[in-house]
Trainee: 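Shown below is the structure under consideration.
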Amino acid sequence: MKEAPAAPTPVVLGIDDLRPLPRATRIARTSCEGIQLLEEHRDSFIDELWLDHDLGGDDTIMPVVTLLEEAAFNGRPFQIGVVFVHSANPVGAETVVRSLGRWNYRVRRAMA
């Protein structure tokens, strides 16, 4: 009797300057690294994307949000199961949730 093939490992990406994000299969620490990480997964399904708003210094998640918005605007949104926003910045987190929700990404606010 043959064994069933193992289920593929879920793709869980995180963009956060500090948190370890133990469930993440890959983590980017800056918005620039986050954009690069998403581009590497452009044509594959991302099960979960975890976003922090404030990424240290003047860096924020907004360049990544812009990339996601532009992809949706151009009719080719990233294929993401759920986007979790886990920022300790409530105003920034709400901006991300509203922005991505407007483009029909499934987005949820998570505790920081």
Side-chain angles (χ1 to χ4, degrees):
M1 187 168 175
K2 282 179 134 177
E3 283 187 37
T9 302
V11 175
V12 180
L13 305 181
I15 306 172
D16 190 306
D17 61 325
L18 299 173
R19 291 175 191 85
L21 301 174
R23 290 173 33 94
T25 52
R26 301 268 310 274
I27 298 176
R29 298 296 183 188
T30 66
S31 61
C32 186
E33 288 177 10
I35 288 170
Q36 190 173 15
L37 184 61
L38 282 174
E39 291 293 0
E40 288 173 22
H41 290 81
R42 183 64 183 104
D43 296 315
S44 59
F45 183 76
I46 300 166
D47 294 278
E48 296 177 13
L49 177 61
W50 288 79
L51 303 178
D52 182 18
H53 183 272
D54 301 319
L55 299 174
D58 292 334
D59 195 14
T60 71
I61 201 65
M62 294 316 291
V64 173
V65 171
T66 299
L67 172 72
L68 294 167
E69 289 176 311
E70 287 175 352
F73 175 80
N74 290 323
R76 200 167 161 249
F78 282 79
Q79 299 305 305
I80 303 170
V82 182
V83 178
F84 292 99
V85 181
H86 61 270
S87 179
N89 175 338
V91 173
E94 187 54 36
T95 299
V96 174
V97 169
R98 266 197 330 272
S99 297
L100 295 179
R102 186 177 304 129
W103 291 102
N104 296 319
Y105 288 102
R106 282 188 56 212
V107 60
R108 303 283 178 267
R109 182 78 164 90
M111 295 310 294

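Hydrogens, waters and symmetry mates are skipped; everything else that's a heavy atom, side chains included, is used.
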Trainee: State the CD-CZ distance between E48 and R108, to the nearest 0.5 angstrom.
Mentor: 12.0 Å
Trainee: Could you tell me which residues satisfy side-chain hydrogen bond (donor to acceptor under 3.5 Å, both in side chains) with D54, sequence neighbours excluded, listed by chain and number?
Mentor: N89
Trainee: I'd like to know if the side chain of D47 and the backbone of V12 have a donor-acceptor N/O pair within less than 3.5 Å.
Mentor: no
Trainee: Ignoring hydrogens and angles, tell me if any N or O in the side chain of R29 forms a donor-acceptor pair with the backbone of D16 under 3.5 Å.
Mentor: yes
Trainee: What residues, two or more places apart in sequence or in another chain, satisfy ring pair (Phe, Tyr, Trp, His ring centres under 6.0 Å) together with F78?
Mentor: none
Trainee: For S31 and D59, does a side-chain donor sit closer than 3.5 Å to a side-chain acceptor?
Mentor: yes
Trainee: Can you confirm whether R76 sits close enough to D43 that some side-chain heavy atom of one is under 4.5 Å from a side-chain heavy atom of the other?
Mentor: yes
Trainee: At what distance, to the nearest 0.5 angstrom, does CZ of R42 lie from CD1 of I46?
Mentor: 8.5 Å
Trainee: If you round to the nearest 0.5 Å, how far is CH2 of W50 from CZ of R23?
Mentor: 6.5 Å
Trainee: I'd like to check L55 versus T60 (side-chain heavy atoms, cut-off strictly below 4.5 Å). Are they in contact?
Mentor: no
Trainee: How about E39: does its CD atom have over 12 heavy atoms from other parts shown lying under 6.0 Å from it?
Mentor: yes
Trainee: Would you say the side chain of M62 lies within less than 4.5 Å of the side chain of V96, judging by non-hydrogen atoms?
Mentor: yes
Trainee: Looking at side-chain heavy atoms only, is the closest gap between I61 and V85 below 4.5 Å?
Mentor: no
Trainee: Using only atom types and a distance under 3.5 Å, with no angle test, would you say the side chain of H86 pairs donor to acceptor with the backbone of L51?
Mentor: yes
Trainee: Taking side chain as C-beta onward, heavy atoms only, is L49 less than 4.5 Å from L38?
Mentor: yes
Trainee: CZ of R26 to CD of E40: how many Å apart, nearest 0.5 Å?
Mentor: 4.5 Å
Trainee: Can you tell me how far the OG atom of S44 sits from the CD1 atom of I80, to the nearest 0.5 Å?
Mentor: 10.0 Å
